[in-house]
Amino acid sequence: MKTIEQLTITDLNNVTEDKTVSIIVWEEECILSSAYFYKENKQIAPFFDKIKELLSWFDKSKAEIVQSINDKFIGTVQEWVAENNLQDTISEDDFCNSLSLSEIDFCIGDIDDEPLINIYLVCTPDYFLGHAICCYLKKENDEIKCNFVLEG
């Protein structure tokens with residue numbers, strides 16, 4: 001397993017060939033699962049530095065990201081836990097501590113486009129009943145932005 005700093009272009013090329021690559025993010029193993037090309041470009045190498053920059057930012061911003069996820073989803077997770085009799089209550093700390101990374105994939109467009117990174121987080125125990133929180137990570141106008149949605 002590699003750190004983000006040790007990630008190579010060969011590793012990202014392996015992802016485009018459906019080969020499993022694991023890296024350390026938030027001090028845990030995470031799988032780089034796939035790369036989706038939605039334009040004529042089918043090369044990931046031109047995006048290597050941008051991808052590493054986004055992944056490094058995500059890795060270093062764990063506290064802020066977890067807080068943002070908590071702010072957006074704590075009400076939903078509390079409802080689902082109650083509706084499905086998973087446990088009596090869930091605190092914000094329990095929810096935040098339940099989050100872990102599942103996988104990361106990439107959406108790649110034209111050379112002039114910024115790559116979009118999709119980072120999937122799950123809960124243990126499974127408070128979202130098979131659903132995952134997806135963090136859409138992208139740089140726009142020199143600012144890194146993340147948007148969180150519940151998928152599944």
Side-chain angles (χ1 to χ4, degrees), residues 1-80 90-124 127-128 130-152:
M1 231 172 331
K2 296 181 174 188
T3 65
I4 293 166
E5 292 78 28
Q6 295 169 329
L7 198 62
T8 66
I9 291 173
T10 301
D11 294 324
L12 292 184
N13 283 331
N14 284 338
V15 172
T16 67
E17 297 169 5
D18 295 325
K19 296 177 184 171
T20 301
V21 176
S22 294
I23 61 170
I24 300 292
V25 181
W26 291 0
E27 299 179 355
E28 61 185 87
E29 179 181 8
C30 189
I31 296 170
L32 303 180
S33 62
S34 61
Y36 171 72
F37 296 95
Y38 58 92
K39 298 282 183 161
E40 293 299 317
N41 168 55
K42 301 289 185 222
Q43 298 295 316
I44 201 164
F47 299 93
F48 178 70
D49 291 335
K50 293 177 180 182
I51 288 170
K52 280 183 73 168
E53 176 188 10
L54 290 170
L55 289 174
S56 293
W57 179 89
F58 185 86
D59 190 39
K60 293 173 185 163
S61 303
K62 180 180 180 178
E64 297 85 1
I65 290 166
V66 169
Q67 186 59 53
S68 295
I69 290 170
N70 179 68
D71 293 347
K72 184 165 184 172
F73 294 106
I74 188 62
T76 304
V77 78
Q78 289 171 333
E79 280 179 39
W80 286 31
I90 178 173
S91 70
E92 290 186 14
D93 283 344
D94 288 342
F95 175 53
C96 291
N97 291 331
S98 76
L99 293 170
S100 63
L101 300 172
S102 173
E103 63 184 69
I104 298 172
D105 63 33
F106 310 102
C107 294
I108 307 295
D110 288 330
I111 297 297
D112 295 333
D113 294 340
E114 290 289 332
L116 174 66
I117 298 178
N118 304 324
I119 303 172
Y120 296 90
L121 299 101
V122 295
C123 297
T124 304
Y127 296 126
F128 285 125
H131 293 73
I133 296 169
C134 183
C135 170
Y136 295 103
L137 188 61
K138 187 172 188 174
K139 190 170 186 178
E140 293 177 352
N141 301 320
D142 291 327
E143 183 180 345
I144 296 175
K145 300 186 180 210
C146 16
N147 183 33
F148 305 101
V149 296
L150 194 57
E151 292 189 352

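These values consider heavy atoms only, across backbone and side chains, with no hydrogens, waters or symmetry-generated copies.
Counting heavy atoms from C-beta on, the side chains of V66 and F95 never come closer than 4.5 Å. V122 has its side chain within reach of S100: a pair of non-hydrogen atoms, C-beta onward, lies under 4.5 Å apart. Side-chain atoms of S98 and T124, non-hydrogen and from C-beta on, never get closer than 4.5 Å to each other. Looking only at side-chain heavy atoms (C-beta outward), I133 and L99 come within less than 4.5 Å of each other. With contacts defined as side-chain heavy-atom distances shorter than 4.5 Å, the pair I44/F106 qualifies. The shortest distance between side-chain heavy atoms of C135 and N118 does not fall below 4.5 Å.
Here the two rings, on W80 and Y127, have centers that are 6.0 Å apart or farther.
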(message) What verdict does the side chain to side chain contact (heavy atoms under 4.5 Å, CB included) test give for I108 and I51, after you've listed the backbone C-alpha separation in whole Å, the side-chain angles of each residue and the deciding distance to 0.1 Å?
(response) CA-CA 10 Å; I108 307 295; I51 288 170; 4.3 Å; yes

(request) For the pair I24 and I4, evaluate side chain to side chain contact (heavy atoms under 4.5 Å, CB included) and give the outcome as yes or no after the intermediate values. (result) CA-CA 7 Å; I24 300 292; I4 293 166; over 6 Å; no

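A side-chain contact (heavy atoms from CB on, under 4.5 Å) with C96 is found for exactly one of I74, N70, I69, namely N70.
In this structure, I119 CD1 and L54 CG are separated by 8.0 Å, a value rounded to the nearest 0.5 Å. Going from atom CG of L7 over to atom CG of L55 covers 7.0 Å, rounded to the nearest 0.5 Å. Atom CG in N97 sits 11.5 Å away from atom CD in E92 (nearest 0.5 Å). Atoms NZ and CG, on K52 and D49 in that order, are 7.5 Å from each other to the nearest 0.5 Å. Considering CD1 of I23 and CD of E5, their distance stands at 9.5 Å, rounded to 0.5 Å. For the atom pair CG (L32) and CD1 (I104), the distance works out to 5.5 Å, reported to the nearest 0.5 Å.
Of the possible polar contacts, one joining the Q78 side chain to the I90 backbone as a donor-acceptor pair under 3.5 Å is found. For W26 (side chain) and F58 (main-chain N/O), a donor-acceptor pair under 3.5 Å exists by modelled atom type.
Q6 approaches M1 most closely through the heavy-atom pair OE1-O, 4.3 Å. Between S33 and V15, the closest heavy-atom pair is C-CG1, 4.1 Å.
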Listed pairs under 3.5 Å, donor-acceptor, residues 138-152 side chains, sequence neighbours left out:
residue: K139; atom: NZ; partner: E53; partner atom: OE1; Å: 3.4
residue: K139; atom: NZ; partner: E53; partner atom: OE2; Å: 2.8
residue: E151; atom: OE2; partner: Y136; partner atom: OH; Å: 2.1

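Atom CD of E64 is surrounded by more than 12 heavy atoms from other residues, nucleotides or ligands within 6.0 Å. For K72, the NZ atom counts as densely surrounded, since its 6.0 Å shell holds more than 12 non-hydrogen atoms of other residues, nucleotides or ligands.
Within the structure, salt bridge (Lys or Arg N to Asp or Glu O under 4.0 Å) contacts touching residues 11-24 (residues at least two apart or in different chains) are K2-D11, E17-K19.
Listed by chain and residue number, nothing satisfies the side-chain hydrogen bond (donor to acceptor under 3.5 Å, both in side chains) test with T10 (two or more places apart in sequence, or in another chain).
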